[in-house]
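Here's the structure, in structure tokens; my notes come after.
Residue numbers start at 1 and run along the sequence shown.
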Amino acid sequence: MYGLWKPRVLGAWRVPASGPVILAVNHSHNIDGPMVMGTAPRGTHFLIKKEAFVGPLGRFLEGIGQLKVDRAVADRAAITDALAVLDQGGVLGIFPEGTRGDGDFASLRAGLAYFAVRSGAPIVPVAVLGSTERRGRLIKGLPPLRSRVDVVFGDAFEAGDGSGRRTRKALDEATVRIQDRLTGHLENARRLTGR
């Protein structure tokens, strides 16, 4: 990432140095995940759509520990693999909106709340800004080479209410709390970076 673009990383010190943690990343461009993987202070295992695991790219993603998920069903293998990353004290990367979009955390899916409540791992919000501002001249689908992309890590927080409940209601309430924290972080990151 540092060879192709000029990432400006802010707040990486907020990622806990050890223990399980979930990075909740906004997702508006294909490079958002790789940008976080390349700039995060700890190795990150992202849940990535199974369609990306084809040919050499698929072998590469598996080789660096990324997790394949079938978004069309409740993928039990992906859930088990993601929980195993957290159980082993690792870092799980999630795009809480489930797919690329405006990157504004406007419509969260329940997966992030489930993993956070189930594992007890804190969530660190991550805003990737600048990846969609302009298109590259050489490769239209990527930001211009050597352009600045900001990666802003927020304060870690707990998603649960402290009761340990894992009911549907508890997950729905956790999703609302998470969405408030993520949108607040995104607004702060935009102010901080001027984007």
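- Closest approach of G93 and T44 over heavy atoms only: N-CG2, 3.7 Å.
- Under the 3.5 Å distance criterion, the side-chain polar atoms of Q66 are left unmatched by any main-chain donor or acceptor of G58.
- Taken to the nearest 0.5 Å, the CG atom of L23 stands 8.0 Å off from the CG atom of L92.
- The two residues I123 and A159 come nearest to each other via the heavy atoms CD1-CB, 3.8 Å.
- A 4.5 Å side-chain heavy-atom check between L61 and K68 finds every atom pair outside the cut-off.
- Residues L57 and F46 share a hydrophobic cluster, clusters being chains of Ile/Leu/Val/Met/Phe/Trp/Tyr side chains in contact below 4.5 Å.
- By the 4.5 Å side-chain criterion applied to Ile, Leu, Val, Met, Phe, Trp and Tyr, V152 is assigned to a cluster that also includes L10, L192.
- Between I48 and L67, every side-chain heavy-atom pair lies at or beyond the 4.5 Å cut-off.
- For the pair N26 and F95, the minimum side-chain heavy-atom distance is 4.5 Å or more.
- Residues L129 and R190 meet the side-chain proximity criterion, which asks for heavy atoms closer than 4.5 Å.
- The shortest non-hydrogen separation linking S119 to L86 is OG-CD1, 3.5 Å.
- Counting all heavy atoms, side chain and backbone alike, A24 lies closest to L112 at CB-CD2, 3.8 Å.
- For the atom pair NZ (K50) and CG (D70), the distance works out to 4.0 Å, reported to the nearest 0.5 Å.
- Closest approach of G43 and V91 over heavy atoms only: O-CB, 3.4 Å.
- Counting heavy atoms from C-beta outward, F153 and H185 have side chains that stay 4.5 Å or more apart.
- Under the 4.5 Å side-chain heavy-atom criterion for ILVMFWY residues, a single connected hydrophobic cluster contains both I64 and V36.
- You'll find the side chain of R42 reaches within 4.5 Å of the side chain of V15, heavy atoms only.
- D150 places none of its side-chain heavy atoms less than 4.5 Å from the side chain of V128.
- Side-chain contact between I22 and I94 is present, with at least one heavy-atom pair separated by less than 4.5 Å.
- Linking Ile, Leu, Val, Met, Phe, Trp and Tyr residues whenever their side-chain heavy atoms come within less than 4.5 Å leaves V54 and V69 in two separate clusters.
- I79 pairs by the side-chain contact (heavy atoms from CB on, under 4.5 Å) definition with L83, Y114, F115, not counting sequence neighbours.
- Residue D32 holds its CG atom at 10.5 Å from CE of M37, rounded to the nearest 0.5 Å.
- Smallest separation of non-hydrogen atoms from A174 and A113: CB-CB, 4.1 Å.
- Within the model, atoms CG of L186 and CZ of R195 stand 12.5 Å from one another, a figure rounded to the nearest 0.5 Å.
- Separation of atoms CZ (R148) and OG1 (T193) is listed at 7.0 Å; rounding is to 0.5 Å.
- Note that CG of L182 and CZ of F157 are 5.0 Å apart. Values are rounded to the nearest 0.5 Å.
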